[in-house]
Amino acid sequence: MPIKVFHTRTRKKEVFQPLQEGKVGIYVCGITAYDVCHIGHARAAVVFDVVVRHLRSRGYQVTYVKNFTDIDDKIILRAQKEGVNFSEISERFINLHNEDMTALGVETPSITPKATEHMDDMISLIKILMEKGYAYAVDGDVYFAVNNFPQYGRLSGRNLDEMQAGARVDVNDRKKNPMDFALWKASKEGEPFWDSPWGPGRPGWHIECSAMSRRYLGETFDIHGGGEDLIFPHHENEIAQSQAASGKPLANYWMHNGFVKVDSEKMSKSLGNIFPIREILKNYHPEVLRLFMLQSHYRSPVDYSTSSLNEARTGLIRCYSTLQQLKEILEASTGNEMQSVKNKSQVKQEEYVNRLNELMEKFDTALDDDFNTAQALGYVFDAVRLFNNFVAGGKNIIAAGQSAVLPEAKKAFGHFGAVLGIFQDDPDHFFQIDKEMETRKRGLDVAEIENLIKDRQAARNAREWTRADEIRGKLASLNVVLKDSKDKTIWSIE
RNA sequence: GGCGGCAUAGCCAAGUGGCUAAGGCAGCGGUCUGCAAAACCGUUAUUCUCCGGUUCAAGUCCGGAUGCCGCCUCCA
């Protein structure tokens with residue numbers, strides 16, 4: 001079963017064929033380090049994290065490059081506002097970014113190059129473009145001449161005439177064509193600069209990615225990714241620069257993730273509806289955010305809201321309850337003396353094992369089909385129900401610790417979790433974190449809750465049901481839900 | 001103005017020509033339980049915004065209408 005990838009240029013799913021057998025080179029545009037990352041950045045990171053995880057689980061050796069733009073107008077602006085060096089700003093936000101990614105369980109890419117560390121690469125690339133007649137210098141600026149690159153606009157499905165008709169670009173006398181874009185910008189007074197054949201200045205945004213992908217992945221590589229807003233102009237310009245220089249295709253597949261929206265609108269500073277990752281992670285376990293995103297297809301827009309996040313939380317709790325159950329059974333069964341099991345259910349057990357295997361295959365196949373995480377999660381939940389069903393009907397078998405279903409379930413959930421980057425927490429720890437966050441959000445006092453539970457337990461032991469129910473009712477009004485089992489009472493926040 | 005995307009149950013969301021339209025959340029009935037909760041079992045879209053067309057067969061392809069969204073400016 002081949003892997004299929006939706007290619008932005010052809011707008012079709014295509015069979016993925018890497019340049020080199022068994023190896024994949026992928027480049028994804030990273031952040032501009034001038035502010036904290038929001039859930040939009042989180043989505044892009046999680047999407048490509050899963051892409052890479054799946055490719056690896058399918059046996060590919062993946063080189064994943066994700067850059068940092070650490071020199072840029074917005075960084076300079078912020079540095080000037082704060083009266084610090086630009087690098088202080090970029091370093092600060094790169095560090096915060098890395099913290100957020102770690103918290104989200106996003107694996108660190110193979111290579112994370114920074115623009116400022118690749119000045120030579122950029123300058124030599126611009127030189128090539130000058131020599132080949134694709135670029136021209138004016139007063140210390142260097143521009144790319146889009147008219148000299150006939151394929152300009154192919155990725156985004158536009159042509160120069162259309163774009164100029166509705167152009168909203170600044171009129172700039174120095175450009176030959178209003179669509180020409182800067183490869184090198186002459187530095188203004190007080191701005192950071194690097195020396196170049198065209199005078200002191202700094203690189204344009206687009207040339208960074210062309211230079212860094214070229215350095216680490218070569219002139220042509222397999223997959224280039226990023227948010228859908230980067231298709232034009234950023235990726236179009238990257239293609240123009242790289243292909244003009246090398247005469248070869250830049251990337252064989254272009255993948256773009258959809259946006260995170262809020263109230264059906266794009267997040268933007270002007271609307272004031274930006275949600276930083278670190279703010280959300282104060283209130284939700286990071287895997288809740290991952291699950292929320294992975295429940296939709298990566299190319300569709302997702303609408304962020306507290307209620308959809310809460311739904312994802314409930315779904316994740318369902319999974320972790322099962323994982324906890326599995327963990328407890330496995331722990332209880334180790335060290336116990338093996339009892340002989342009545343073989344009555346042996347056939348049934350084989351069926352459970354087979355069905356788990358089948359779900360694992362379906363899961364992988366779903367991801368093969370353009371990384372359909374939503375469908376894959378459907379199979380994960382099927383496995384949850386299947387295992388719960390097994391537990392509900394097979395207590396005596398489990399007690400013996402002999403069931404072949406147990407290691408199989410462990411393997412299945414381990415696989416699902418490893419590829420999607422969820423189920424990485426210990427179940428008990430997960431519930432503890434969840435409880436802490438929920439009680440804090442609601443301003444509840446844990447000690448008080450636990451005292452009430454003790455009182456209720458005392459009432460229950462005395463078979464004073466009315467009193468016990470009264471206490472439970474009181475707790476319920478605080479959104480505290482109780483779960484009684486034989487020897488203990490577990491509580492959680494609804 | 002130009003280019004593109006989306007429209008599936010109360011909500012979220014898979015599905016890209018063919019068996020009974022995944023899954024999650026919410027709801028309802030049953031089992032379990034002192035009663036609950038959780039879990040399990042069952043149940044909740046004769047139908048996929050609307051109107052035409054192609055086809056033996058369409059949520060899925062084509063044309064049109066309506067509504068929502070994105071890109072064309074920095075943006076994941």
Side-chain angles (χ1 to χ4, degrees), chain A residues 4 6 8 11-13 28-32 34-35 37-48 72-74 77 153 156-159 161-170 179 205 225-234 236 256-261 264-269 291-292 295-297 299-303 305 307-308 310-319 321-322 325 362 366 369-370 372-382 384-385 387-393 460 463-466 468-469 472-473 476 480-485 489-492 494:
Chain A
K4 286 187 186 169
F6 185 91
T8 300
R11 297 204 169 84
K12 281 190 182 107
K13 281 184 204 167
V28 175
C29 293
I31 58 152
T32 298
Y34 76 104
D35 208 343
C37 291
H38 52 67
I39 46 179
H41 298 110
R43 186 175 193 201
V46 168
V47 163
F48 288 103
D72 159 273
D73 288 347
K74 290 186 293 292
L77 193 71
S156 52
R158 306 153 200 256
N159 63 58
D161 294 339
E162 279 166 12
M163 287 189 272
Q164 281 166 39
R168 284 199 258 158
V169 286
D170 292 335
M179 299 307 295
W205 173 38
E228 64 178 0
D229 55 329
L230 298 181
I231 297 171
F232 189 90
H234 184 55
E236 205 70 76
H256 293 93
N257 66 277
F259 264 64
V260 177
K261 300 195 295 179
S264 302
E265 285 186 308
K266 184 174 169 174
M267 281 194 301
S268 72
K269 292 223 157 156
L291 187 70
F292 161 68
Q295 269 176 326
S296 302
H297 189 96
R299 282 186 274 118
S300 311
V302 293
D303 211 349
S305 67
S307 63
S308 48
N310 284 335
E311 280 179 18
R313 171 183 170 249
T314 313
L316 192 61
I317 286 173
R318 179 172 160 80
C319 296
S321 301
T322 296
Q325 178 91 268
K362 284 183 170 177
D369 185 15
D370 194 30
N372 193 335
T373 55
Q375 194 174 62
L377 274 167
Y379 298 127
V380 173
F381 280 101
D382 283 344
V384 167
R385 190 182 312 104
F387 184 74
N388 287 342
N389 178 285
F390 166 73
V391 173
R460 290 183 75 213
R463 305 186 78 80
E464 291 171 15
W465 306 124
T466 319
D469 290 351
R472 186 172 61 196
V480 176
V481 181
L482 305 181
K483 212 195 283 190
D484 295 328
S485 60
T489 295
I490 298 171
W491 63 278
S492 62
E494 197 164 45

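As the structure is a prediction and not an experimental result, all values here were calculated from the model.
- Of the P atoms belonging to rU44(B) and rG10(B), the separation is 14 Å, rounded to the nearest Å.
- Nearer to the 5' terminus of RNA chain B, by closest-nucleotide assignment, is the contact made by A312(A) (compared with the other of I39(A) and A312(A)).
- Counting only heavy atoms from C-beta on, E228(A) has its side chain closest to rG70(B) among rG5(B), rA22(B), rG70(B).
- Listed for the D370(A) side chain is a donor-acceptor partner under 3.5 Å among the backbone atoms of F6(A).
- Proximity of a side-chain donor or acceptor of E236(A) to a complementary backbone N or O of G153(A) within less than 3.5 Å is detected.
- If you take atom P in rA21(B) and the same atom in rC6(B), they sit 23 Å apart, rounded to whole Å.
- Residue contacts shown for N372(A) are limited to sugar-phosphate atoms, with no base heavy atom under 4.0 Å away.
- Between K362(A) and D382(A) there is no salt bridge, since no side-chain N of the basic residue sits under 4.0 Å from a carboxylate O of the acidic one.
- In the set rC72(B), rA14(B), rG23(B), the nucleotide with an atom closest to the side chain of D382(A) is rG23(B).
- Dashed line: the shortest gap from a side-chain N or O of S308(A) to OP1 or OP2 of rA13(B) is not under 4.0 Å.
- Side-chain to base pairing of Q295(A) with rG24(B): no donor and acceptor N or O lie closer than 3.5 Å to each other.
- Proximity of H38(A) to M267(A): side-chain heavy atoms (C-beta onward) are separated by under 4.5 Å at one or more points.
- rG15(B) atom C1' lies 9 Å from atom NZ of K13(A), rounded to whole Å.
- Distance from the side chain of E311(A) is smallest to rC11(B) among rC11(B), rA76(B), rC72(B).
- Listed nucleotides rC71(B), rG15(B), rG4(B) differ in distance to Q375(A); the shortest reach to its side chain belongs to rG15(B).
- No donor-acceptor distance shorter than 3.5 angstrom exists from the side chain of S300(A) to the backbone of S296(A), with no hydrogens or angles considered.
- Pairing for rU31(B) is with rA39(B), a Watson-Crick or G-U wobble pair whose two hydrogen-bonding atom distances lie under 3.5 Å.
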Legend entry - Where protein sits on nucleotides 31-44 of chain B, one letter per nucleotide: B base, S sugar-phosphate only, - none, heavy atoms under 4.0 Å: ---BBBBSSSS---

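- Candidate nucleotides rA14(B), rU16(B), rC74(B) were compared by shortest atom distance to the side chain of K74(A), and rC74(B) ranks first.
- Comparing the P positions of rG64(B) and rC71(B) gives an interatomic distance of 25 Å, to the nearest angstrom.
- For the pair M267(A) CE and rA76(B) P, the interatomic distance rounds to 10 Å; values are reported in whole Å.
- Using a 4.0 Å cut-off between a side-chain N of Lys or Arg and a carboxylate O of Asp or Glu, R460(A) and D484(A) qualify as a salt bridge.
- You'll find the side chain of D369(A) reaches within 4.5 Å of the side chain of K13(A), heavy atoms only.
- At distances below 3.5 Å, at least one donor-acceptor pair connects side-chain atoms of R43(A) with backbone N or O atoms of F259(A).
- To the nearest whole angstrom, the two C1' atoms, one in rC19(B) and one in rA13(B), are 23 Å apart.
- Residue-level contact check: K266(A) touches the bases, meaning some heavy atom is under 4.0 Å from a base atom.
- Counting non-hydrogen atoms under 4.0 angstrom, V380(A) reaches nothing in the nucleic acid.
- Across every strand in view, rU16(B) sits unpaired, with no contact that passes the Watson-Crick or G-U test at under 3.5 angstrom.
- At least one side-chain heavy atom of F48(A) sits less than 4.5 Å from a side-chain heavy atom of N257(A).
- Rounded to a whole Å, the CZ atom of F232(A) is 14 Å from the P atom of rG4(B).
- Closest to the side chain of R11(A), from the set rA14(B), rG5(B), rC11(B), is rG5(B).
- As rounded to the nearest Å, rA7(B) and rU60(B) have C1' atoms that lie 14 Å from one another.
- With both ends at atom C1', the span from rU16(B) to rC28(B) equals 35 Å, rounded to whole Å.
- A 3.5 Å limit on both hydrogen-bonding distances identifies rC69(B) as the Watson-Crick or G-U partner of rG4(B).
- Nucleotides rC3(B) and rG24(B) are separated by 35 Å at their C1' atoms, to the nearest Å.
- Counting non-hydrogen atoms under 4.0 angstrom, Y379(A) reaches nothing in the nucleic acid.
- Using N1 to N3 plus N6-O4 or O6-N4 for Watson-Crick, or N1-O2 and O6-N3 for G-U wobble, each under 3.5 Å, rC25(B) pairs with rG10(B).
- The pairing partner recorded for rA58(B) is none, the criterion being a Watson-Crick or G-U wobble arrangement whose two distances lie under 3.5 angstrom.
- Pair assignment for rG63(B): rC51(B), on the basis of Watson-Crick or G-U wobble contacts that are both within less than 3.5 Å.
- In terms of heavy atoms, L291(A) sits closest to L316(A) at CD2-N, 3.7 Å.
- Among the protein residues, G40(A) comes within range of the nucleic acid bases, having at least one heavy atom under 4.0 Å from a base atom.
- A distance of about 6 Å separates the C1' atoms of rA22(B) and rA14(B), rounded to the whole Å.
- The 5' end of RNA chain B is approached more closely, in terms of each residue's nearest nucleotide, by R158(A) than by the other of R158(A) and H38(A).
- Using a 4.0 Å heavy-atom criterion, one finds that S300(A) contacts the sugar-phosphate atoms exclusively.
- Between the NE2 atom of H234(A) and the P atom of rC72(B) there is a distance of 13 Å, rounded to whole Å.
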